[in-house]
2 protein chains.
Amino acid sequence: MTSSDLFKQVAFIKEIDKLKYIQRKTRLFNSDRQENDAEHSWHLAVMALILAAHANTSIDLLKVIKMVLIHDIVEIDAGDTFIYDTQKNHTNTDEELIAAQRIFGILPEAQAQELILIWQEFEEGITAEAKFARSMDRFEPLLQNTSNNGGTWAEFNVDYQKVYDKKKVIKEGSNTIWNYAEGLIEESVQKGILKKS
Amino acid sequence: MTSSDLFKQVAFIKEIDKLKYIQRKTRLFNSDRQENDAEHSWHLAVMALILAAHANTSIDLLKVIKMVLIHDIVEIDAGDTFIYDTQKNHTNTDEELIAAQRIFGILPEAQAQELILIWQEFEEGITAEAKFARSMDRFEPLLQNTSNNGGTWAEFNVDYQKVYDKKKVIKEGSNTIWNYAEGLIEESVQKGILKKS
């Protein structure tokens, strides 16, 4: 690493500050204040740290944490896509790839390439690390919505089956967490905060 | 890990959501919006990830990232102490230790102990990992204040010598980053956004 690398890294550090302005649809726990992407990424990183032992297979925890820390940085350019949006595909759009190339491209080249690959690995969801990282990304809003009387499910009229279909990928990362999550989904139906239509 | 561990971990995940409400004095880049502790912790984690190669000695990056992710969680109970506050000692107060025991104590016992030790290691600032993590914690607000025409230095009338004394611990983590930081401090004096009194 040279001091010219450091200049590029500082430019990147400044650029990613914008993630603190990207609002998600989901709201903080027991709150009506929307969460932003930086807060969300921090929360997933701490969750990965404390829940790692529940992963279905042995995982490289540092890689999982890298994934969740950077997974939403593309939204600085591409914006947040609501997971239940039926008009727009959530994953790995061309727009997001262009964003990844621009934003990670601010870094020294080898580092830019490393982070683009980690982001792509997360998006593809094939490796054990990507599966676990994605299970964190699905688990946090489930906890938030159940604490908020249905939260975005109620607000955007999302029914049980759609929630179940999106959340079941948690199982690919962790059977234990999925058992817990499935229980929360069923409980939400019983409480009337998630509708079977 | 058992499902009873998972209940405790979920309770902890909900509790630490409160970090998103703890406002720091420093403001986002080129902004008058104050940063909260969750956003700050996320930013430091990404900084550690991309700046690790500038560390003075070989470091365990996963441990550094754990440190910065959890270093401010005690502020949920103890509140944010401004680094230039002359009335209150910033580091490792009794109040913060009680907070650490309560909040990390929500987790399964072995995990609680691990995180309390990591938090204490950060606070003591002796190991290579703690020194590097602390250099990130000092470097981010320096970048913010220089982007905000002096930011909290101007707002709270903090002079060059106080800034220099607080920031020079960056050198213990990374000579390269300190050289850069020292240049920013001198430049701030030349620009008139940091006063020599």
### Message
With chain A as the partner, which of B:Leu19, B:Leu62, B:Val10, B:Ile50 has the greatest number of non-hydrogen pairs under 4.5 Å?
### Response
B:Ile50

### Message
Quick check on B:Asn36 against chain A: is it the side chain, the backbone, both or neither that has a heavy atom closer than 4.5 Å?
### Response
side chain

### Message
Would B:Lys162 and B:Tyr84 count as a cation-pi pair here, with the cationic atom under 6.0 angstrom from the ring centre and within 45° of the axis?
### Response
no

### Message
Determine whether a donor-acceptor pair (N or O, by modelled atom type, separation under 3.5 Å) exists between the side chain of A:Asn56 and the backbone of A:Lys171.
### Response
yes

### Query
Among B:Leu51, B:Thr176, B:Asn30, B:Ile65, which residue forms the greatest number of heavy-atom pairs with chain A at distances under 4.5 Å?
B:Leu51

### Winner by heavy-atom pair count (cut-off under 4.5 Å) against chain A, out of B:Arg33, B:Lys18, B:His40
B:Arg33

### Message
Heavy-atom pairs under 4.5 Å with chain A: which of B:His43, B:Met47, B:Lys14, B:Gln111 has the most?
### Response
B:His43

### Message
When you measure from the side chain of B:Asn148 to the backbone of B:Leu28, do you find a donor-acceptor pair of N or O atoms at a distance under 3.5 Å?
### Response
yes

### Message
For the CG atom on A:Asn157, are there more than 12 heavy atoms of other groups (residues, nucleotides or ligands in this structure) within a distance under 6.0 Å?
### Response
no

### Any donor-acceptor N/O pair, B:Asp17 side chain to A:Phe29 backbone, under 3.5 Å
yes

### Task
Please check if any side-chain donor atom of A:Tyr180 sits under 3.5 Å from a side-chain acceptor atom of B:Gln9, or the reverse.
no

### Query
So what's closer than 4.5 Å to chain A heavy atoms on B:Leu6: side chain, backbone, both or neither?
both

### Task
Counting only heavy atoms closer than 4.5 Å, note whether B:Glu114 contacts chain A via side chain, backbone, both or neither.
neither

### Task
Name the member of B:Ile70, B:Leu115, B:Leu49 that forms the most heavy-atom pairs with chain A at distances under 4.5 Å.
B:Leu49

